[in-house]
Amino acid sequence: MVVSRLRRWPIHTSIRSYHFASTQYASAFDRNGIPEAAADYCQKLRVDTIAYLHNFDPASWSNSPVMTLLNGNSLSGGTLEDTIDSFNQKNGKIMQATPYQVDAVIEHMSTYVPPKRDYRREVRAMEAEIFDVHGDSSWPSFLVGNQALDFKKQDGVTEVEESVQANVVEQRLNSMLLEDELAGAIRILREPAYVGCVSNFSNFLDLCRKSLRNLELGVPIVVLSRSNTTQHMYRWTQMLIRLMPKYAIDLGMVTYLAAPLDQQMRVFKSASPNSPMYFTCSREVARALRSGHGPAMTSTGGPNTLVATRWTQAVSEAIKLSATIENSGQCTALRHAVVNCSEEEVAKMLHDVAVVDSPEDALSRGEFAGLMSNANEIFQHVNGYQTHPDTPNVAYRITSSLPPDDINEQWRNVYIDVTSPAGDVTRPCFVEDLSSWLVKHQPIAVAVNGEAGDFSFARRIWEQTGQVVFTVGTVDQPGLTCQARPQDGEIFGEFPPRPDLTKLTKFPVVVPSPTPAYNSMYELEYLIDLGRRWDTAALNPQAACIASAVGSDLVRGFLRVMNAYLSDACAVNPKRGEGTVRTSLYGLQTTPRNGQLNYVRCAPHATLDELAPQLFPFLLTSAYEQLCVSLDPSNTTLIAALNAAGFEEPKIVLESCADFDARVADERPYNILHAHEMEEFPPVGHFISLIVCVGHVKSVVPHDEAFIRAFSQSPKWLRMRI
């Protein structure tokens with residue numbers, strides 16, 4: 001898009017609300033207009049789903065196999081193979097695309113031009129029908145029932161209940177993103193988006209976040225088949241194809257590719273370098289995706305951890321429920337518990353784990369953490385763990401030390417590592433060790449349960465880590481690892497460990513957020529105009545000196561956008577969540593307050609224009625105290641520029657690349673950033689999330705003012721420097 005240089009944009013368009021924790025981002029959580037999805041909604045959906053499962057014909061998934069869907073047409077003629085569910089049981093057929101059909105998909109993806117860029121009205125009308133439980137739509141029970149059949153999900157009702165609320169928040173954020181594009185500030189790249197589905201939360205993460213939110217802003221999607229549990233996402237893609245003509249949505253917008261991995265890789269290699277990939281997967285798969293394709297946005301797992309100051313019956317129940325939820329097929333299922341206990345206590349805890357025969361059985365009983373009666377069919381025995389004598393499909397290991405680095409998620413198996421340190425878990429040296437372990441392994445969720453009225457233990461761990469999801473409970477009312485309602489401000493994200501962050505994903509994915517923003521960038525003319533007209537006098541002296549010394553109006557414009565965003569987000573930081581079930585705070589945070597530094601490395605020929613974007617988040621905020629700039633001694637021009645801005649030892653270190661590499665290998669800093677020329681300028685909220693920490697901390701107690709007082713004043717919340 002070409003933007004007139006005569007146009008003058010108000011600076012507020014640079015801090016649009018799709019940026020995490022900004023004022024307008026917070027406004028998207030306004031409860032007005034968000035459906036309650038109350039008990040009657042959930043009960044009707046439960047009853048409808050049980051009826052769907054009862055009447056389901058198992059032969060239907062063979063008689064109507066999974067096939068490639070292109071321009072609304074089913075492509076037949078390929079090889080017919082069996083599909084399997086999450087327990088490796090055959091559950092239907094898939095017709096793998098022929099090489100010719102894969103070529104047709106590649107051709108479509110490379111030539112298709114969306115008819116319009118604003119499909120919000122059409123997609124949201126279709127979405128309303130899809131989730132219309134009270135209007136007797138058949139689709140809600142279809143979605144939950146198929147997920148139960150394919151993934152063996154026990155409680156898909158709660159996912160839909162929370163999805164219909166979170167969807168409204170993300171619709172609002174999407175609208176704000178589009179407003180920014182219409183104002184000429186941002187450009188949404190509309191190359192086809194590739195959707196890698198996750199099964200356990202497919203109705204929210206895949207159907208809604210990755211698919212509908214892209215479609216409504218004119219981004220075509222390609223849904224990819226899986227080696228297992230592929231029936232469910234194929235059926236909801238069929239649903240979209242069936243509904244799209246009714247709502248005047250072009251059928252070329254949605255493609256389903258039924259193909260083996262080698263053919264999918266051929267499609268990836270042919271994809272536009274601007275085509276985004278949205279995958280929820282293991283860290284190993286994420287690394288492979290990201291290494292072969294730049295705009296790969298991945299969400300990955302991690303060893304979710306529950307900590308308690310002492311063993312109680314309530315803590316025992318919390319560990320058991322968190323560890324067995326969805327037979328450990330939930331991303332926030334517990335993998336690691338830290339509490340002083342005996343082997344007898346752990347064995348007793350696992351003695352009476354609920355057992356369910358089927359998802360229909362679980363739905364009928366209201367169970368969501370039952371052990372599937374056929375769990376032995378996929379249970380994998382791992383050396384070093386013991387199986388429970390009465391519950392052989394559950395394994396555990398109790399040691400006095402924290403788990404080793406090779407701890408594995410053991411997806412769909414119930415495995416628990418218990419750290420029983422034989423000493424007070426609140427002692428400073430153990431808190432430091434535990435926090436370092438959490439930083440290194442980056443669980444999705446951590447829950448810390450101490451004594452009632454004392455938040456100091458939980459706050460110390462939270463401040464020394466970089467968790468996105470952090471829950472605070474007590475030993476009598478414990479927090480679980482599997483608790484997060486993003487529609488209430490309980491921000492969710494599955495981030496890799498920081499040293500691997502950009503090796504696994506282009507940006508960390510935050511929920512809620514507007515999905516198309518991850519593949520958007522600022523219009524260069526917009527930034528140039530902002531940079532040319534910026535009076536930097538209002539900045540703190542160091543930041544003003546650097547901003548004034550930058551030579552490029554383009555870079556200066558990006559710095560201006562960054563300052564506007566951080567000033568707005570930090571004006572009230574943290575922000576209080578909107579939930580009534582728990583009490584939450586969310587916002588931008590410093591990196592862990594554990595002694596780890598953040599290094600920005602400057603090569604011999606690095607320029608101030610290349611350094612400034614990496615440096616500015618620290619110059620503007622309280623993250624400055626954790627900053628160190630490493631420069632090659634030969635780069636006298638850059639050294640002089642930093643000296644002029646007041647940089648001196650220990651904030652700057654003069655050293656060769658070899659010396660820098662040796663030192664950081666020993667120190668293990670939190671961030672290692674490099675000054676480099678930016679080829680594109682992404683939405684500033686995503687850029688900042690690569691540098692500082694984001695997320696929420698919550699109390700399990702509703703309206704918990706004591707929690708608010710204890711956590712809201714923490715120095716971990718990012719502040720602006722004066």
Side-chain angles (χ1 to χ4, degrees), residues 9 11-29 169-181 183 185-189 209 213 217 276 278 295 297 299 466 468 486 489 491-495 498 501-502 505-523 526-527 530 557-575 586-591 613-621 623 671 673 678 680-696 717-720:
W9 293 270
I11 190 62
H12 75 265
T13 61
S14 302
I15 51 172
R16 304 300 297 184
S17 53
Y18 50 85
H19 299 322
F20 172 73
S22 67
T23 301
Q24 292 185 358
Y25 179 93
S27 73
F29 295 100
V169 176
E170 295 202 315
Q171 287 172 2
R172 293 168 175 172
L173 295 171
N174 253 14
S175 291
M176 296 169 186
L177 171 63
L178 185 60
E179 289 171 13
D180 223 10
E181 184 179 52
I186 208 100
R187 177 162 53 95
I188 301 168
L189 303 183
R209 292 206 75 251
R213 298 289 76 78
L217 295 195
Y278 298 99
M297 266 59 72
S299 299
V468 182
I491 310 304
F492 184 77
E494 302 169 88
F495 290 14
R498 189 53 66 106
L501 181 60
T502 57
T505 186
K506 183 175 182 180
F507 299 112
V509 178
V510 173
V511 182
S513 61
T515 301
Y518 291 94
N519 201 41
S520 300
M521 62 183 66
Y522 288 109
E523 292 285 5
Y526 169 75
L527 293 180
L530 288 178
F558 188 62
L559 301 184
R560 184 177 182 183
V561 171
M562 192 184 304
N563 175 65
Y565 164 56
L566 289 172
S567 297
D568 177 73
C570 293
V572 178
N573 192 40
K575 293 177 174 62
Y586 69 91
L588 295 171
Q589 303 162 30
T590 68
T591 55
Q614 313 292 331
L615 188 63
F616 225 56
F618 298 99
L619 288 182
L620 292 172
T621 71
N671 276 314
L673 309 171
M678 293 182 65
E680 60 183 42
F681 292 83
V684 69
H686 297 329
F687 181 83
I688 292 295
S689 70
L690 294 169
I691 297 174
V692 300
C693 292
V694 304
H696 84 271
W717 299 111
L718 205 64
R719 312 289 187 202
M720 295 298 287

Atom pairs and distances, side-chain donor-acceptor, residues 512-520, under 3.5 Å, sequence neighbours left out:
from: S513; atom 1: OG; to: R209; atom 2: NH2; distance (Å): 3.1
from: S513; atom 1: OG; to: V510; atom 2: O; distance (Å): 2.5
from: S513; atom 1: OG; to: Y518; atom 2: OH; distance (Å): 2.8
from: T515; atom 1: OG1; to: R209; atom 2: O; distance (Å): 2.8
from: Y518; atom 1: OH; to: V510; atom 2: N; distance (Å): 2.9
from: Y518; atom 1: OH; to: V510; atom 2: O; distance (Å): 3.4
from: N519; atom 1: ND2; to: N274; atom 2: O; distance (Å): 2.8
from: S520; atom 1: OG; to: P516; atom 2: O; distance (Å): 2.8

Any residue meeting salt bridge (charged side-chain N to carboxylate O under 4.0 Å, His left out) with K506, in chain and number order, not counting sequence neighbours: E680
Spacing of [X] atom [atom1] and [Y] atom [atom2] [to the nearest 0.5 Å]:
{"X": "L217", "Y": "E181", "atom1": "CG", "atom2": "CD", "value": "8.0 Å"}
{"X": "T502", "Y": "R498", "atom1": "OG1", "atom2": "CZ", "value": "9.5 Å"}
{"X": "H19", "Y": "Q24", "atom1": "NE2", "atom2": "CD", "value": "10.0 Å"}
{"X": "L673", "Y": "I691", "atom1": "CG", "atom2": "CD1", "value": "5.5 Å"}
{"X": "L501", "Y": "N671", "atom1": "CG", "atom2": "CG", "value": "8.0 Å"}
{"X": "L615", "Y": "L620", "atom1": "CG", "atom2": "CG", "value": "9.0 Å"}

Could you report the tightest heavy-atom contact between [X] and [Y], atom names first, then the distance?
{"X": "P613", "Y": "M562", "value": "O-CE, 3.7 Å"}
{"X": "L530", "Y": "R560", "value": "O-NH1, 3.0 Å"}
{"X": "G587", "Y": "A21", "value": "CA-CB, 4.0 Å"}
{"X": "P617", "Y": "I688", "value": "CG-CD1, 3.7 Å"}
{"X": "V509", "Y": "S299", "value": "CB-OG, 3.8 Å"}
{"X": "C693", "Y": "G466", "value": "SG-CA, 3.9 Å"}

Those residues that, when tested against H696, pass side-chain hydrogen bond (donor to acceptor under 3.5 Å, both in side chains) (two or more places apart): K698
For H686, the option from Y565, F20, F507 that meets ring-ring contact (aromatic ring centres under 6.0 Å, His included): F507
Output field: ring centroids F687/F681 closer than 6.0 Å: no
Output field: ring centroids F29/Y586 closer than 6.0 Å: yes
Student check: side-chain heavy atoms of [X] and [Y] closer than 4.5 Å:
{"X": "P683", "Y": "I186", "answer": "yes"}
{"X": "L189", "Y": "R187", "answer": "yes"}
{"X": "V694", "Y": "F495", "answer": "yes"}
{"X": "E170", "Y": "V511", "answer": "yes"}

Contact list for residues 507-520, test salt bridge (charged side-chain N to carboxylate O under 4.0 Å, His left out), sequence neighbours left out: none
Pair R719-N573, side-chain hydrogen bond (donor to acceptor under 3.5 Å, both in side chains): steps then yes or no: CA-CA 8 Å; R719 312 289 187 202; N573 192 40; 6.0 Å; no
[Y] backbone acceptor or donor facing [X] side chain under 3.5 Å:
{"X": "D568", "Y": "T23", "answer": "yes"}
{"X": "K575", "Y": "A26", "answer": "no"}
{"X": "Y522", "Y": "V561", "answer": "no"}
{"X": "N174", "Y": "R213", "answer": "yes"}

T621: side chain to side chain contact (heavy atoms under 4.5 Å, CB included) partners, not counting sequence neighbours: L566, A623, L718, M720
Ring pair (Phe, Tyr, Trp, His ring centres under 6.0 Å) partners for F618, two or more places apart: none
